[in-house]
Amino acid sequence: MRTLALALCLAAGSALAQSGVEVSKSRLLLLPAATVERSAAQQYGAMMREAAQKGALNTDRQQVERLRNIARQLIPQSTRFNPNAEKWRWEVNLISSKSVNAFCMPGGKIAFFTGIIDQLQLTDAEVAAIMGHEIAHALLEHGRARMSQQLLKSAGVSIAAAVFNLGQLSAELLNQAAGLAISLPYARKQETDSDLVGMELAARAGYDPRAAADVWRKMTKLTQAAGKGQPPQFLSTHPGHESRIRDIEANLPKVLPLHDAVRRK
Ligand SMILES: [Zn+2]
């Protein structure tokens with residue numbers, strides 16, 4: 001068990017030191033990043049093929065270009081939070097669907113649904129806030145942590161087996177974990193950390209970080225308007241909490257100077 005404890009300690013991330021916001025990386029990362037990224041890429045590829053078959057992939061060229069332009073500003077800021085992101089094969093696609101949703105899978109696989117852009121009438125800064133938040137989940141390896149947890153749960157494998165016999169896990173099992181990992185709610189701490197990192201990415205990329213609070217105000221309004229109907233899909237994976245907007249606003253002084261510095265250039 002001594003070896004196991006050591007392995008888990010090594011997997012636990014340390015606090016990321018830099019100017020701007022302060023967050024800590026995920027713990028209990030049993031699955032190697034490369035394994036997680038490979039299976040996320042497979043899942044993402046399958047989703048995009050399915051969308052293409054339905055004639056729902058990247059149909060609005062203008063919106064696709066807009067999303068990719070914003071991603072091009074945000075991505076260069078990402079290595080600050082995860083040096084491996086430099087090697088990621090980033091992708092940004094737009095799916096035509098009423099679903100109010102967006103995600104970034106491990107390894108930089110981003111998707112936006114037209115529903116979130118249309119229903120929230122997103123400005124560029126608001127798109128950057130959402131995309132930055134999604135990218136932050138990937139950089140902080142929240143998906144990797146969830147996949148590790150899901151694997152332990154769904155496969156019933158012990159931690160020791162997962163640590164020492166990863167090679168024996170089937171691709172099917174990994175894909176199952178990857179699928180579950182993008183459909184489950186993030187923990188509150190993960191949401192808060194992603195809000196902060198997302199704000200910093202946006203600020204450094206030249207987008208007004210105050211837009212993050214606007215997004216959540218719009219999301220709240222949309223939820224209220226939905227009443228007993230279907231709440232935005234985004235909220236099922238990104239649960240809102242009462243102090244969210246307050247937390248975002250309390251952290252603005254850490255990122256506004258970064259935004260001002262970019263604007264002055
Ligand atoms: Zn989130």
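Counting starts at 1 for both ligands and their atoms, following the listed order. Values reported hereafter were calculated over all heavy atoms of this structure, with side chains retained and with hydrogens, waters and symmetry mates removed.
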Who are the salt bridge (charged side-chain N to carboxylate O under 4.0 Å, His left out) partners of Arg66, not counting sequence neighbours?
-> Asp124
Residue pairs passing the side chain to side chain donor-acceptor pair (under 3.5 Å) test with at least one member in residues 44-57, sequence neighbours excluded, are Tyr44-Asn93, Glu50-Lys54
For the Zn ion (ligand 1), how many protein N, O or S atoms lie at less than 2.8 Å?
-> 5
Can you list every ring-ring contact (aromatic ring centres under 6.0 Å, His included) pair that touches residues 87-111, not counting sequence neighbours?
-> Trp88-Trp90
Correct closest heavy-atom pair for Gln73 and Ala205 would be O-CB, 3.4 Å
Heavy-atom closest contact (Ser243 atom, Arg188 atom, distance) | OG-NH2, 2.8 Å
Would you mind checking if Lys109 and Glu37 are paired as a salt bridge, meaning a charged N to carboxylate O distance below 4.0 Å?
-> no
